[in-house]
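Accompanying notes for the structure given below.
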Amino acid sequence: MKPKPAVLEISSQAEKPPEKWGSGLEFLFSCISLSVGLGNIWRFPYIAFQNGGGTFVIPYLIALLVIGRPVYYLEIALGQFSGRGVVKAFDMAPILKGVAAGQVLATAASITYYSSIMALTLRFLLASFGAELPWSRCWESWGSDCHDVGSNLTSVGKMSPAQLYFEREVLHEVPNIHNGLGMPNWQLVACLAVAWLIIGGVLIRGIKSSGKVAYFLGVFPYVVLIILLIRALTLPGAMDGIVYFFKPQWRELFNPLVWYAAVTQVFFSLAICFGTLITYASYNNFNRNVYNDIVIITTMDSCSSIIAGCITFGILGNLARETGVSDIGSVVKGGAGLAFISYPEAIAKFEFVPQMFAVLFFLMLFVLGIGSTVGMGSCILRVIRDQFGPRSPPIWKLATGLAVLGFGVSIVYMTPGGQFILNLVDFYGVSFTALILAIGELLAVAWIYGIQRFCADIKLMMGIETGWYWRLCWRFVTPGLMAAVLIYMLLDMSALTYKGVAYPALAHVFGCVLAALGLLQLPGWAWYAVYKQRRQHGSFWPRVRAACKPGDSWGQASVQLDAAI
């Protein structure tokens, strides 16, 4: 029995690609650039705005402690121990391999609309080089809908120049999509092409190249955020907005949709439950102690979200005072474009060279997008390479194919109705499925693979004992809270809208198909795992039990652990 484990270990090592992080710092900063990205600066403010500001912050912080941080630790440990992409990592529990497949599909959906946000960012970045910021004042073509700061006319019911510029000049947004999405905007399509060209270029260079770039991607955004925070806090009425951001409406804390939004936002801000962290950790040295990294990354991530929220709501407080609106929650319509309204509004109020600060901000947002999308792309490519093994196509072919396909799909977001589709894909294809798949991930690790075995894996790798906090969260608290949120959300769910506008029935059909595509991976892969056991086990239940056990090539030390346990 002695030689067999050695053979299995060697074969496992042979399947792994040769890439490794150049150093532990590269891994740390790469995770920071992945987690502290568009999910914090772009998504967090508008999700907080949609869910009542302070009403959202409390569930978000609770979810961060009992869901975000435990799942982050779990995924890093799982990826490092397996040394593989997310699908191969689920060889620990083949019957739930559909969790990994569904997560890859959710990641593919995410990368399409994240790249569209990068295109919008690039459009604003180019506009920032003008002699005057085009959103700094009202233009005649906007008519009487615009509120000009220098005007003595009443401004109740009017919109800021930044909002009008974004909706009418950049998006050419339509009030609804009942008559179709419209034709793509060629300027945005060109920006989208540049974004995918850069994403593809970084992916072609491989993990070592992205690790070197991560030093810049992980530090530069904080410099710009601090500058914007100082400016936002000095605006008249800013404190009213920040109070709105932190002051909860206690009765709304019992709204399951707020908790659902908080949990899914934790997924986005930390990049958990999408397979990207497992992929990044798979390039680690086997014995690296990542415990301190996890504490640093999750703390920086939550701080980034809170800073972004303070900036956004400080600006909204200023807009409310200037436009005479008493309710900060109604000062703008919200939506996924909130960051492209609030941040430019603050930058336009800089008295000294606002163009320079605009360039810095949108450059920051763009590089954050690179960090997020490169992580998603790396996850997808790693799954393909793991699947084909030595016969896998060269990385440049895979990265080029992903960039071309991603560009083609992402064009839909560049239409006048593109933001409606973004909201639809975000809910059905990503947020909703991610929550269900996250519950499956916890069940696979803590219950099917076994919490004792998983903690033994961690001890073997890092030489540390796993505390009761992590064990309780992985086994009971985290999956229990996510399941409760999911059940209450389903019971209280109403039809999806965008800025209060209903979708046509066909859009909901498309959304349900998108969700089903991800969720049907669960029974599909489970059936396949049971079917593969037909030769060794005749009856059904023995096959099910066999499908729950780790495969022969799982991990780097599973055979030795089986003997110990």
Side-chain angles (χ1 to χ4, degrees), residues 39 67-68 71-72 74-75 78-79 82 84-114 260 263-268 270-282 372 375-387 402 405-406 409 424-449 478-479 482-483 485-487 489-490 510-532 547-548 551:
I67 294 177
V71 174
Y72 201 99
L74 179 145
E75 292 196 341
L78 177 60
S82 67
R84 298 175 174 191
V86 59
V87 173
K88 287 288 186 180
F90 269 74
D91 281 344
M92 63 173 178
I95 199 168
L96 280 180
K97 215 169 186 176
V99 169
Q103 288 177 345
V104 173
L105 291 177
T107 300
S110 299
I111 198 173
T112 61
Y113 69 69
Y114 265 57
Y260 168 77
V263 171
T264 53
Q265 175 55 32
V266 166
F267 293 167
F268 276 94
L270 285 174
I272 57 176
C273 301
F274 292 105
T276 49
L277 284 176
I278 293 176
T279 301
Y280 270 17
S282 70
S372 299
M376 296 175 189
S378 298
C379 172
I380 297 170
L381 297 185
R382 182 65 190 271
V383 168
I384 297 173
R385 297 176 71 193
D386 282 350
Q387 189 65 33
L402 177 64
L405 181 61
V409 173
L424 188 77
V425 173
D426 175 57
F427 179 79
Y428 284 107
V430 183
S431 301
F432 179 70
T433 55
L435 179 57
I436 297 174
L437 295 173
I439 297 171
E441 181 178 300
L442 268 294
L443 292 177
V445 175
W447 290 93
I448 296 180
Y449 182 64
T478 304
M482 289 193 294
V485 169
L486 176 64
I487 292 170
M489 186 275 297
L490 290 173
F510 169 76
C512 291
V513 170
L514 200 61
L517 187 63
L519 296 179
L520 286 177
Q521 302 298 318
L522 290 170
W525 284 84
W527 175 85
Y528 178 68
V530 173
Y531 177 76
K532 284 176 63 178
C548 292

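Positions are given from 1, in the same order as the sequence printed here. Computed from a predicted structure; not experimentally measured.
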Got a second to check how far [X]'s [atom1] is from [Y]'s [atom2], nearest 0.5 Å?
X: Arg84; Y: Ile278; atom1: CZ; atom2: CD1; value: 13.0 Å
X: Ile380; Y: Leu402; atom1: CD1; atom2: CG; value: 5.0 Å
X: Lys97; Y: Met92; atom1: NZ; atom2: CE; value: 11.0 Å
X: Thr276; Y: Gln103; atom1: OG1; atom2: CD; value: 9.0 Å
X: Leu74; Y: Ile272; atom1: CG; atom2: CD1; value: 9.5 Å
X: Glu441; Y: Leu443; atom1: CD; atom2: CG; value: 10.0 Å

Partners meeting salt bridge (charged side-chain N to carboxylate O under 4.0 Å, His left out) with Asp426 (sequence neighbours left out): Arg43
Considering residues at least two apart in sequence or located in another chain, which fulfil the side chain to side chain contact (heavy atoms under 4.5 Å, CB included) criterion with [X]?
X: Leu424; value: Tyr428, Leu496, Tyr503, Ala507, Phe510
X: Thr478; value: Ile67, Pro70, Val71, Leu442, Cys473, Met482
X: Ala529; value: Pro94, Ala547
X: Ile448; value: Ala93, Ile95, Leu96, Cys548

Tell me whether [X] contacts the main-chain N or O of [Y] through its side chain, where contact means a donor paired with an acceptor under 3.5 Å.
X: Asp386; Y: Lys88; answer: no
X: Thr264; Y: Ser431; answer: no
X: Thr107; Y: Phe274; answer: yes

Heavy-atom pair with the smallest gap, counting every atom of [X] and [Y]:
X: Thr112; Y: Ala109; value: OG1-O, 2.5 Å
X: Glu75; Y: Ala271; value: OE1-O, 4.4 Å
X: Ser110; Y: Val430; value: OG-CG1, 3.4 Å
X: Ala438; Y: Phe267; value: CB-CZ, 3.6 Å
X: Phe432; Y: Ala515; value: CD2-CB, 4.2 Å

Donor-acceptor pairs are to be reported for all side-chain atoms of residues 518-525 against protein atoms at under 3.5 Å, with residues two or more places apart or in another chain.
from, atom 1, to, atom 2, distance (Å)
Gln521, OE1, Trp525, NE1, 3.0
Gln521, NE2, Leu517, O, 3.1

Phe427 and Tyr260 aromatic ring geometry - parallel, tilted or perpendicular at 30°/60° bounds: perpendicular
Residue pair Cys379, Val86: steps toward the side-chain contact (heavy atoms from CB on, under 4.5 Å) verdict: CA-CA 7 Å; Cys379 172; Val86 59; 4.1 Å; yes
